[in-house]
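Computed from a prediction, not measured in an experiment: that's the story for all the values here. In what follows, every heavy atom counts, from backbone to side chain, and hydrogens, waters and symmetry copies are set aside.
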Amino acid sequence: TGESNTLRLHGRGVFVAISPWNFPLAIFLGQVTAALMAGNAVIAKPAEQTPLIASEAVKLLHEAGIPTEALRLVPGDGRIGAALVAHPAIAGVVFTGSTEVARSINRALAAKDGPIVPLIAETGGINAMIADATALPEQVADDVVTSAFRSAGQRYSALRLLFVQDDVADRMIEMIA
């Protein structure tokens, strides 16, 4: 037909990576390295409670060969994050944190003139467990307590909702309570 379709993969530009306090190394590195591997430069803004571990991680990445021009650390509070997100040169945002802050970031990005700036966000959710009649009440009790209260319930994967089959509900709930 005389057409030629070509797919080219390339980075978008500078991404802001805003990570939470509750997994200060794992989520921080996951966000930063994913954006770098996709060909982007990264401005990493860790939670204000975790600047030291982020600083050490960035030092190690620089020692491993990531150019300082490709990865910068900018510690600070939410005002710093908001200023970074609002900057006209930002080509994308990776965020893990509250739904409220993610909505604020989304609104700020939507208000920008120019190309659409992607937001990759992981926020809190309603994580459910389903226990049917085949489940052992003792195991359900252990799993509920572990999932709901590990890390003081401060995980996005913490149990928030329990569904129990009617015919075993009284026995299961009694075991958990």
Side-chain angles (χ1 to χ4, degrees), residues 9-110 112 116-129 139 141-162:
L9 301 176
H10 56 85
R12 296 183 60 90
V14 179
F15 262 66
V16 174
I18 303 173
S19 59
W21 61 268
N22 61 341
F23 288 94
L25 185 60
I27 294 175
F28 178 82
L29 282 176
Q31 291 177 337
V32 167
T33 56
L36 288 169
M37 292 302 295
N40 301 292
V42 178
I43 299 173
K45 206 293 280 168
E48 61 188 281
Q49 301 89 343
T50 63
L52 293 178
I53 194 163
S55 177
E56 291 301 313
V58 168
K59 282 181 197 172
L60 288 171
L61 288 168
H62 287 155
E63 287 175 20
I66 301 296
T68 57
E69 300 81 24
L71 174 59
R72 300 288 181 158
L73 178 68
V74 179
D77 62 13
R79 291 172 300 193
I80 300 295
L84 290 170
V85 166
H87 194 282
I90 295 306
V93 177
V94 181
F95 171 78
T96 300
S98 73
T99 303
E100 178 185 337
V101 173
R103 284 188 184 124
S104 174
I105 292 170
N106 192 41
R107 284 190 294 272
L109 295 176
K112 286 181 162 189
I116 293 172
V117 177
L119 168 61
I120 301 165
E122 178 195 353
T123 63
I126 303 293
N127 296 298
M129 179 185 294
Q139 186 66 52
D142 282 350
D143 291 346
V144 164
V145 171
T146 299
S147 179
F149 301 108
R150 183 185 318 127
S151 300
Q154 297 298 311
R155 299 178 127 177
Y156 298 108
S157 59
L159 178 67
R160 303 278 190 260
L161 186 60
L162 174 63

S.K.: Taking all atoms of both residues into account, what is the closest heavy-atom pair of K112 and H87, and its distance?
M.R.: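 Smallest heavy-atom distance, with atoms named: NZ-O, 2.6 Å.
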
S.K.: Just verifying a value: how many Å separate F23 CZ and T96 OG1, rounded to the nearest 0.5 Å?
M.R.: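 If I round to the nearest 0.5 Å, the distance is 10.5 Å.
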
S.K.: Go through it in stages, so that I can follow the logic: the residues are V85 and L109, the test is side-chain contact (heavy atoms from CB on, under 4.5 Å), and I'd like the CA-CA distance, side-chain angles, deciding distance and then a yes or no.
M.R.: CA-CA 7 Å; V85 166; L109 295 176; 3.8 Å; yes

S.K.: Quick one: salt bridge (Lys or Arg N to Asp or Glu O under 4.0 Å) partners of R79, sequence neighbours excluded?
M.R.: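 For R79 the salt bridge (Lys or Arg N to Asp or Glu O under 4.0 Å) partners, ignoring immediate neighbours, are D77.
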
S.K.: List the atom of L119, the atom of A102, and the distance in Å for their closest heavy-atom pair.
M.R.: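 Closest approach of L119 to A102, heavy atoms only: CD2-O, 3.8 Å.
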
S.K.: Provide the closest heavy-atom pair for S19 versus I27 in the form atom of the first, atom of the second, distance.
M.R.: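 S19 and I27 have their closest heavy atoms at CB-CG2, 4.4 Å.
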
S.K.: Would you name the heavy atoms of P118 and A91 that are closest together and state the gap between them?
M.R.: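 Shortest heavy-atom separation between P118 and A91 comes out as CD-O, 3.1 Å.
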
S.K.: Could you go through residues 44-59 and list every donor-acceptor pair under 3.5 Å that involves a side-chain atom there, pairing it with any protein atom two or more places apart or in another chain?
M.R.:
| from | atom 1 | to | atom 2 | distance (Å) |
| --- | --- | --- | --- | --- |
| K45 | NZ | G76 | O | 3.0 |
| T50 | OG1 | A47 | O | 3.2 |
| E56 | OE2 | K59 | NZ | 3.2 |

S.K.: For Q31, run the side chain to side chain contact (heavy atoms under 4.5 Å, CB included) check against L36, V94, V93, V42 and tell me which one passes.
M.R.: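 Only one of L36, V94, V93, V42 forms a side chain to side chain contact (heavy atoms under 4.5 Å, CB included) with Q31, namely V94.
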
S.K.: Rounded to the nearest 0.5 Å, how far does CZ of R72 lie from CD1 of I43?
M.R.: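 Answer rounded to 0.5 Å: 9.0 Å.
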
S.K.: Could you pull out the closest heavy-atom pair between H62 and L71, with the gap in Å?
M.R.: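 It is NE2-O, 2.9 Å.
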
S.K.: Atom CG in L61, atom CG in L73: separation rounded to 0.5 Å?
M.R.: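 Nearest 0.5 Å value for the CG-CG distance: 10.5 Å.
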
S.K.: Run I18 and V101 through side-chain contact (heavy atoms from CB on, under 4.5 Å) and show every step you take.
M.R.: CA-CA 11 Å; I18 303 173; V101 173; over 6 Å; no

S.K.: Only one of V74, V117, L84 passes side chain to side chain contact (heavy atoms under 4.5 Å, CB included) with V16; say which it is.
M.R.: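 The residue from V74, V117, L84 that satisfies side chain to side chain contact (heavy atoms under 4.5 Å, CB included) with V16 turns out to be L84.
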
S.K.: Quick check for you: to the nearest 0.5 Å, what is the distance between F95 atom CZ and N106 atom CG?
M.R.: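 Here the interatomic distance stands at 11.5 Å.
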
S.K.: Between the main-chain N or O of L159 and the side-chain N or O of S147, is there a donor-acceptor pair closer than 3.5 Å?
M.R.: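 Side chain of S147 to backbone of L159, a donor-acceptor pair under 3.5 Å: yes, one is there.
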
S.K.: Closest approach of N40 and R12, non-hydrogen atoms and distance?
M.R.: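 Closest heavy-atom pair between N40 and R12: OD1-N, 2.6 Å.
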
S.K.: Using the side-chain contact (heavy atoms from CB on, under 4.5 Å) criterion, which residues pair with A41? Sequence neighbours excluded.
M.R.: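 In terms of side-chain contact (heavy atoms from CB on, under 4.5 Å), with neighbours along the sequence ignored, A41 is linked to V14.
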
